[in-house]
Number of protein chains: 2
Amino acid sequence: MSEISRNGVGDGGQAGRIGIGLELDDVHLKILEVLRENGRISVAALAERVGISRANAYTRFEALRADGAIKRFTAEIDHVRAGLGITALIFVTVRQQMWKQFRAELARMPQVEYCAITTGQHDAMIQVRVSDVAEVHTMVTDRLANIPAVKATETVFILDEVLRRPYVLPSDRARPARRPAQETQGEVPLGKMRFVGASEGRATLRKEG
Amino acid sequence: MSEISRNGVGDGGQAGRIGIGLELDDVHLKILEVLRENGRISVAALAERVGISRANAYTRFEALRADGAIKRFTAEIDHVRAGLGITALIFVTVRQQMWKQFRAELARMPQVEYCAITTGQHDAMIQVRVSDVAEVHTMVTDRLANIPAVKATETVFILDEVLRRPYVLPSDRARPARRPAQETQGEVPLGKMRFVGASEGRATLRKEG
DNA sequence: GTTGAAATTAGTACGAA
DNA sequence: TTCGTACTAATTTCAAC
């Protein structure tokens with residue numbers, strides 16, 4: 001139910017300022033690294049693992065929280081054990097200028113775990129978790145189809161979740177500089193690698209919601 | 001990097017056993033509910049919020065952990081503030097019987113936050129977080145395209161993440177029984193609601209990886 | 001499954017480097 | 001800023017009920 005940060009594709013090129021507030025240094029990143037693996041670690045143990053004093057750890061911990069770099073702490077739950085063995089992705093085409101309504105309806109659907117607005121053929125992708133396949137059908141034909149904002153949907157099932165990392169951090173990609181790209185440029189069938197941009201009028205969608 | 005549980009679409013219809021081990025009752029679910037919102041809450045405070053004794057809370061907390069219903073605790077990090085402002089979805093068509101290789105390569109790509117095997121037109125969806133759009137291009141044409149297992153890709157960008165719930169739980173959908181479906185059946189353009197099954201041979205893919 | 005008291009640990013405050 | 005220490009509050013453990 002929480003609004004989360006925007007991934008401005010438009011302003012991403014400039015990069016530069018990481019946050020309006022806190023400037024994250026290596027120590028901050030290391031704290032985040034530890035915390036995403038073990039969200040329940042004590043600040044004392046955190047300080048030791050990062051190699052700073054307890055007082056410093058408390059200060060930085062609070063700063064990261066206050067700044068919003070850490071949004072919240074959560075338990076990762078095994079949805080299958082919790083009785084929600086079915087996961088589906090529903091790609092939604094949304095009628096323009098009806099995003100506010102769409103978002104409001106989403107908030108009222110507890111089965112929805114994630115929703116992102118995307119470029120490409122569809123306008124949004126939502127991930128739902130339910131107990132059986134019939135419920136997916138009910139959701140799509142009963143709930144989504146009744147939202148005027150929804151023009152069309154396409155549903156696929158998730159057969160297996162191969163990989164889930166708590167959160168990717170910049171420090172993860174400690175690659176030795178940028179790799180020379182020409183080693184592959186010649187032999188790779190680039191034609192099979194499609195990038196799908198937004199359809200017309202989508203650039204303004206974010207402002208409406 | 002962690003393998004996570006399978007969502008067996010095939011065995012989902014039978015439902016029934018939630019986990020081999022622990023049978024989750026209402027108290028367990030309430031504990032999970034609290035924990036997914038606040039992963040750092042003390043067990044003492046948890047006990048109070050759930051309405052049980054502390055000793056009981058400790059017992060159940062440990063049981064949930066041991067059983068695997070709680071997989072881990074993690075900090076939700078604002079990727080934009082962390083310097084990874086670009087999120088993209090890459091839909092991948094994987095050459096059959098090369099899943100093991102595909103998974104191995106995935107594990108070596110730190111930008112990948114999530115990967116799921118899906119039914120439908122493509123075989124897998126991966127979500128990546130990077131600092132700029134150029135890095136997406138590099139990833140797709142440089143890394144993914146070099147994996148023999150990858151037949152084709154389709155990339156879309158995430159413009160906005162509208163909703164993210166820590167984890168959906170069965171107790172969320174406290175709907176008053178099953179809603180009568182006929183109220184909508186007549187008027188909804190069901191033709192616009194597509195369900196996309198797996199292409200041939202996909203049913204066996206999970207065993208290979 | 002609950003309560004209460006001991007042992008441990010966490011969180012705060014503050015002076016010094 | 002960061003560190004180290006001392007102080008206070010809270011949590012966890014363990015016992016008996």
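Convention: sequence-line order gives letters A, B, ...; per-chain numbering from 1.
In this structure, the side chains of A/Phe102 and B/Val162 stay at 4.5 Å or more apart for every pair of heavy atoms. Residues A/Arg164 and B/Glu113 are not in side-chain contact: their nearest non-hydrogen atoms beyond the backbone lie 4.5 Å or more apart. For the pair A/Val112/B/Arg165, a side-chain contact is recorded, criterion being any heavy-atom separation below 4.5 Å from C-beta on.
Looking at B/Gln101, its side chain does come within 3.5 Å of a backbone N or O of B/Ala149 through a donor-acceptor pair. Side-chain N or O atoms of B/Arg40 include one that pairs as donor or acceptor with a backbone N or O of A/Gly39 at under 3.5 Å. Distance alone, capped at 3.5 Å, places no donor-acceptor pair between the B/Thr119 side chain and the B/Gly197 backbone.
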For B/Glu105 and B/Arg143: C-alpha separation, side-chain torsions, deciding distance, then whether salt bridge (charged side-chain N to carboxylate O under 4.0 Å, His left out) applies. CA-CA 9 Å; B/Glu105 283 299 322; B/Arg143 302 269 339 237; 3.6 Å; yes

Go through the steps for B/Arg129 and A/Asp172 under the test salt bridge (charged side-chain N to carboxylate O under 4.0 Å, His left out), then give the verdict. CA-CA 11 Å; B/Arg129 302 216 188 258; A/Asp172 288 330; over 6 Å; no

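Taken residue by residue, residues 30-50 of chain A places heavy atoms nearer than 4.0 Å to DNA chain C at A/Ser42, A/Val43, A/Ala44. DNA chain C lies under 4.0 Å from at least one heavy atom of each of the following residues of residues 53-62 of chain B: B/Ser53, B/Arg54, B/Ala55, B/Asn56, B/Arg60.
Bounding nucleotides for the chain A contact on DNA chain C, 5' to 3', at a heavy-atom distance below 4.0 Å, are C/dA10 to C/dT12.
A/Asp123 and A/Arg95 are not joined by a salt bridge, as no carboxylate oxygen comes within less than 4.0 angstrom of a charged side-chain nitrogen.
B/Ala75 is linked by a side chain to side chain contact (heavy atoms under 4.5 Å, CB included) to A/Leu35, A/Ile70, A/Phe73, counting only residues two or more places apart in sequence or in another chain.
Side-chain contact check for B/Glu33 and B/Tyr167: no donor-acceptor pair (N or O, by modelled atom type) lies under 3.5 Å.
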List the atom pairs, with distances to 0.1 Å, where a side-chain N or O of residues 24-32 of chain A and a protein N or O form a donor-acceptor pair under 3.5 Å, not counting sequence neighbours.
residue : atom : partner : partner atom : Å
A/Asp25 : OD1  : A/Val27 : N            : 3.0
A/Asp25 : OD1  : A/His28 : N            : 2.9
A/Asp25 : OD1  : A/His28 : ND1          : 3.0
A/Asp25 : OD1  : A/Arg60 : NH1          : 3.1
A/Asp25 : OD2  : A/Arg60 : NH1          : 3.3
A/Asp25 : OD2  : A/Arg60 : NH2          : 3.2
A/His28 : ND1  : A/Asp25 : N            : 3.2
A/His28 : ND1  : A/Arg60 : NH1          : 3.4
A/His28 : NE2  : A/Arg60 : NH1          : 3.2

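Rounded to 10°, the helix from C/dG1-D/dC17 to C/dA17-D/dT1 has 30° between the axis fitted to its first five pairs and the one fitted to its last five.
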